[in-house]
Amino acid sequence: METPRSSILQGTLDLMVLKTLDAMGPQHGYGLARRIEQISEDALLVNQGTIYLCLIRLQQQRWISAKWGVSDNNRRAKFYSLTKAGRRQLQAEASNWERLAGVIGRLLRLSPGV
Amino acid sequence: MLTSLLRLASRLAAIVAHDRHARELDAELETHKAMLAEEYRRRGMSVADADRAARLRVGGTPQLHDAHRDVRGVPLIEDLARDVRQALRSWWTQPGFAATVIVTLAIGIGANTAIFTVIRALLLTPRPYANADRILTLNETWPEFPGGRPVSLPNYRDWAQQSTVFEQTAAVSWGSVTVNEGPSTSLGTGSPTPLAANPPTSLGPVYVNGSTVSPSYFDVFGLRAALGRTFAPDEDQPGRDRVVVLSHRLWSSRFSADPTIVGRSIRLDGEPHVVIGVMPPRTNIEFLDIQLWRPLTFEVPPARGSRVLRQAVARLKPGATVADAQTEMTVLAHRLAREYPESNKGFGVLVRPISRPLGLDVEPSLYLLFAAVGAVLLIACVNLATLALARGAARTRDVAIRTAIGASRARLVRQFLAEHALLGMGGGLCGALLAHALVASMIRLVPSTGLRAAFPPDTAIAMGSAEWVFAIVISIASGIGFGVAPAMAATARSILAAIRDGGAAGVSVAPRYAQLRRTLVIAQVALAVVLVTGATLLVRGFFTLTARVESGFEATHVLTAGLPMPATRFQSAAGLNAHLDDIEQRLRSEPGIRDVAFADSPPTYGAPFLTRFQRVGQTVVPFMQRPVAGFKVVSPSYFRAVGLRLLDGRALTDEDRDNAPLVAVINQAMARAHFQRTNPIGERLLMRRIPLESSTSAAGPARRPSALVDSTWTIVGVIADEGVDPFDARVAQPAVYATREQHPRANLALVVRTRDDPNRMRETIRKAVVALDPDQALPDVKTVDQLVAEDVAPDRLRSLLLSTFAAIALALAGTGLYGLIAYAVAQRTREIGIRLALGATRRNVRALVVRELGPLVAAGLAAGLVGAAMVAQVLRTFLYGVSAADPATFAGVVALLAVVSLLACYLPARRATQIDPLDALRL
């Protein structure tokens, strides 16, 4: 039984999915899960099935679209791709993160007593 | 914002496409697992290991489906849908619970909605004119009679001139007429016109209620005619007053909604009148069935002491209140009393809003009914709460398992409430249908006069959208209401305790649960006592009312009918009486008729026309200070025809004609009130004779009243009181009877005693009368039995309704009580089984049960007694002949309910002790 995700982790997962789709083009669920596992070193996906929860949410917000297709080993799979709105969202999210990282970085570099 | 909306739209759509989404997810997961397994195989795992590893990695499919569905759809709606489906399925397998609930609720909600419909129609329907809250009626109060009474014209004129709070005033008097069709051929001579010259009209004459009014009447209400116009200011002058305004209903029914009616001449009481206007539909201005209006005209204005106006109406100036008006008018009345002591001393003014007509205080009855049905609904809910409690207890294990697999308490409570709300709606729907039927039958049961008069004739007493909303709201509220506490109780227990104890019956209950149960027992018993006591008192009163219809006459074969005759028809009293003689002779010649008589009012009406009298030999007092008595003009055969018992002296005879000494017969009430110590026979009374042309009647005030002179009348006999029941105010009134020869009066009613069934003589009588005069309308042909029934109808109807609701309440209370206690006992089946197994006798066990429940029942009885006493006080006015503190009733009810409660304890206990202890333990 998994613990409920915090919204921060949820947002991170969203971002990763969008970025992966942006970088690698249309992917199916397995591909995305594998990629995210590799990058986050298993921190973000306790079990791989939960990627589908993220995917349906992103679909509802019209940031990704889905289409049934055929994978490299001839399996029928649903492929997800980034929409224009998704790309815009990705850019916005990315700049948010960078700004946040910058602020926190500066904060952490402050020496005691300042 | 937009994304949220889009998301919501997707989610709602997903509910519908549920299956497709589930299948697609399955497919995706399969593919995912397959690909992952392939990867593991590539890394060197065996096929079996790879599959298993892949499955583990992807995670549990059912949980995933659930989570996916929650994200994908709208969980609330889906859960609700599932709850509903499950509820329906459980009812299908166990219809008993659902059926009981729905029937109980249907009765409670149906009754409430029906009463609400009636209340709304009667009290809350807006009046058809604007500013209804600023329009008032003004009546005089007479020193002898409280309440509003007729008004005198000079007084009205002074009010209109001297008051400062009114914008507009008008005077209203009677004006009922016979409507004929077409131009007149009869010229109002002393004798009826020959048949040949006056062919019968196609529709026949009809007698309608009308009013004579000041020209400003419709302006007071701000009403305009739908066709034509209303009265011009000068149309109350003699010569210009032969005009009439018709009601919409009369115009449609009688004149076929003829659009050219305006300007046409129609005959009213034989006189041609020009129709100048037709009012819009549903313009029921006062609470009377007024079908036409004519101008109030006097050739000679009546004296101040002669009160010929039914009432006055007025519209307040903006900013003025009813209280202001009453204050000002009271001051004005005092001033007039000082200025004109002879006619006005002791006379006041009563001001009422138009929406609260005189003598129609049905409001208390309606609110009482509302309270009664509200109580029934309350009992129904308590019953249902009991049932729900029982059901909740039976599903404890169910609840425990669900909690164990992750359902939150809120979720479970929601499920219970959904089921109950659904039951509530089911009950509400049936209840609304029941209400519909109830309202329809209530309208049918109410007779045309009596209670029906309390409803403006055009009132639609039907269920409108407001009533449906009401029904829906209280049904959902009831459903949730009776479900909340049991739902909370059922889900309040800890999981472990439930599973450990094995669920179902025989479990030691959580404290809150037991407390609720105890409270319910006491409440149920108390409510039952209150309702059963109230019911018994009412029912006893009802029987008293129907049984004790005492009357001074024997009237099983008597038929009455109105004989309205226009005042102008007969120039002299001799002509009128000769005409009546003709009618009498004609009817006597009919074989089925035993006796014919005339009277100015039907037998059950007492003596509505009043006179002031002075006993000769006592000090003479001014006219207006003389005592009042009823004065009834009858033909001598009246006493015989109606069967009025003669108590002393002689009755009136045919010898008491115009030129003979004036004689009168008094009734017992008069003898008791004014002749306690002397024998009335031979005593003389000074009373004023009202000449025929000066009398005020239903046709309106006399246009040319002349001065009245005292005459001396000798009392020759005493007869029994006319009247209907001991509680009828009319019976207590003293009355004097005189012959129609010695005191002619127009518009006498016909009274006929038949040999056989009076209902079969209606047509014969009608034909005979119309043969003599085709223009004669014969309204209100009724047997005396019908008149009596109509008289008591409002009280009877109310008693019947209350008794019915009380009986329903009794049934509900009884079964609810039994069910509650039976359930409480059944709950302890396991415990009982243990005790039996350990060696207790059956008797011990039964005693145990009674011992626990006994105090609760006793507490309920005590509380109920107190409540019943209070309710009985409130009901005092509706208890005919039964004391509100009747010890027999109270004792009987307590005894009855104690027995019922004991039975309710004993029987389930007996049943519980009869099962094999092993079975009990296993449950």
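Values below: all heavy atoms of this structure, side chains included; hydrogens, waters and symmetry mates excluded. The model shown is predicted, which means the values in this text are computed figures rather than measured ones. Each chain gets a letter, A, B and so on, in the order its sequence line appears, and its residues count up from 1.
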Quiz prompt | Salt bridge Arg23(B)-Asp26(B), side-chain N to carboxylate O under 4.0 Å | solution =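 No.
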Quiz item: Are Asp83(B) and Arg414(B) close enough for a salt bridge, meaning some N to O gap below 4.0 Å?
Solution: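 The answer is no: the pair does not qualify as a salt bridge.
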Exercise. Using distance alone, with no hydrogens and no angle criterion, decide if Ser10(B) and Arg62(A) have a side-chain donor and acceptor under 3.5 Å apart.
Key: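 The criterion, which ignores hydrogens and geometry beyond distance, is satisfied for Arg62(A) and Ser10(B).
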Quiz prompt | Heavy atoms of other groups near Arg35(A) CZ, more than 12 under 6.0 Å | solution = no
Quiz item: Relative to chain A, which segment of Leu25(B) carries a heavy atom at a distance below 4.5 Å: side chain, backbone, both, or neither?
Solution: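 Answer is side chain: those atoms of Leu25(B) sit under 4.5 Å from chain A.
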Quiz item: Can you tell which of Glu38(B), Arg11(B), Glu28(B), Glu39(B) has the highest number of heavy-atom pairs within less than 4.5 Å of chain A?
Solution: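 Highest number of heavy-atom pairs under 4.5 Å: Glu28(B).
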Quiz item: Looking at Glu30(B), Lys33(B), Glu24(B), which one has more heavy-atom pairs under 4.5 Å with chain A than the rest?
Solution: Glu24(B)
